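What follows is a single structure, written as C-alpha cells, with notes after it.
Because the structure is a prediction, the values reported are computed rather than measured. Residue numbers start from 1 in every chain, and the chains themselves are labelled A, B, ... in the order their sequence lines are given, proteins ahead of strands.
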Amino acid sequence: MFDMITSHFNYWMMIALMSIGLYAMIAKNNLIKKVIGMAIFQTSVILFFISISVKGPDSTLPILEHGAAAGAIDVAHYANPLPHVLMLTAIVVGVSTLGVALAVIIRVYRRYGTLEEPEILAMINDAD
Amino acid sequence: MFLVAVMGVLLIIASADLPPWGDENSPANSYLSPQYIENSLADTGTPNMVTAVLADYRGYDTMFETAVIFCAGMAIIGILGVARRRRHEVEEDDDDGDDIDVSETLPPAIGSGVIVLTAARILLPVMQLFALYVVAHGHHSPGGGFQGGVILGASLIMIAIAGGLPMALKRMSNWRTQIMSALGLMLYAGVGVLCVVLGGEFLDYEVLSLILPDTDRVTARAHGIMLVEIGVALTVMAVMFAAYAHLASGGRLDEGV
C-alpha cells in the first residue's frame, strides 16, 4: 500500500489539486473565486503532464549537453521533452483564458454592480 | 462538495492503473519521444530539445498558439472598449520628438512614488536586456520566445506600476501594441510563406538555406527557429502589456491600479 502511494504520488497530488479547483468553480458564489478555481484546475493538469515526463531518479533537463553530438545519445538520461512542449501551449492558453475571463468580469461588474452569482441571477430573472 | 469527493475517490482508484512515477518504459516515454531525443540535434542543430520540438517539429501548432494570444489580446481590447475619439487626439502629439512640452517630461503624480520609480528606471534596461538574452539563447538553455516575451511585457508593466499608467502608455500606446502583436504573428506566418515561396513546404525551414548566405540545411533550421521565436516574443510582449493596461484601468486607459 505504501509502495503504491509513493509510486503514484504525482497522480494523487494532481487529483487533489483538481478537486480543489473543481470545488471552487462549482461551489463558490463569487465570480473571481470561480475564475481562481479554473486557474487551479489548469495548473493541476499542467503539473500532471510535467510529472509524467520524468524518467527515473536522475534524468536531467531535456537539453542536450555539450559532448552529446559525438556519440550516441542516451535516451534514458534526458527527460521527455514532448510533455514540456505541449504544456507550454497549455500555459499560454490558460493565461489567455484568464485575461479574457477577467475582462468579462469587469463588464459584468459594470452592468450589475455586484460579483456574487445569486444576486446577478436574481437581477437577470427580475428583468424578464 | 460530495460530488467532488466522489470524483476524487474514483480518480484515485483509476490512477492505480497508470504507470508508476518515473517509469522509463511508460507509454508517454516510448513511442515518439526517443526519436525526438535522438534526432533533434542532427536534424535541427539545436541542443534544446524543447525549443526544437516546439518551433520546428510542432511549428504549426505554435503558430496557432501565437494566434490564440493575439486573439485574446484583441478580445480584451474589444470587450473593454477604448474611447476612440479621445485616443486619437492624444496620440497625434505622441510620436514627434521635437516639440516636447516641459510639463510632459516630469513624471505624473500617480504611481508608487519617487523611490520605486527610480529603482524601476534603473532596473528596466537590465530587465529588457535579460529578456532579449532569454529569447536569443532559446537554442542552448531554457528559454525561447514565450519566456522572453513575458519578461519584456513584465518590464513594461513594471513601469506602469512604478510611474503610473500614462507614463507607460506614452511609450507603448494602444495603437503601438496592436501593431506589434499583429507584426509578431505576421512574422511567424511570413516565415512559413517564405518557405513555400522558396519551394519547400509551409514552415519547412530547410529551404531558407537558399537565401541565407553560407548555411547548410541544418543551420537553416536553427535560423528559422530563431526568426519564429522573435515573432512570438513580439506578440507576447504586446499582448501582455495591452491586457494589463486594459484590465487595470477598466478600458479607460487613464490611470492604473
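Pairing each heavy atom of Tyr205(B) with each of Ala55(B), the nearest pair is OH-O, 2.8 Å. The two residues Ala222(B) and His139(B) make their nearest non-hydrogen contact at O-CE1, 3.0 Å.
Interface remark: Ser141(B) contributes backbone atoms only to the contact with chain A (heavy atom separation under 4.5 Å). Of the two parts of Ala75(B), only the side chain, counted from C-beta on, holds a non-hydrogen atom closer than 4.5 Å to a non-hydrogen atom of chain A.
Partners of Gln42(A) by side-chain hydrogen bond (donor to acceptor under 3.5 Å, both in side chains), not counting sequence neighbours: none found.
Counting heavy-atom pairs closer than 4.5 Å to chain A, the top-ranked of the candidates Val68(B), Ile79(B), Val150(B), Thr66(B) is Ile79(B).
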Let me have the donor-acceptor pairs involving side chains of residues 16-23 of chain A, under 3.5 Å, with sequence neighbours excluded, atom names and distances please.
unit_1   : atom_1 : unit_2   : atom_2 : d
Ser19(A) : OG     : Ile15(A) : O      : 2.6

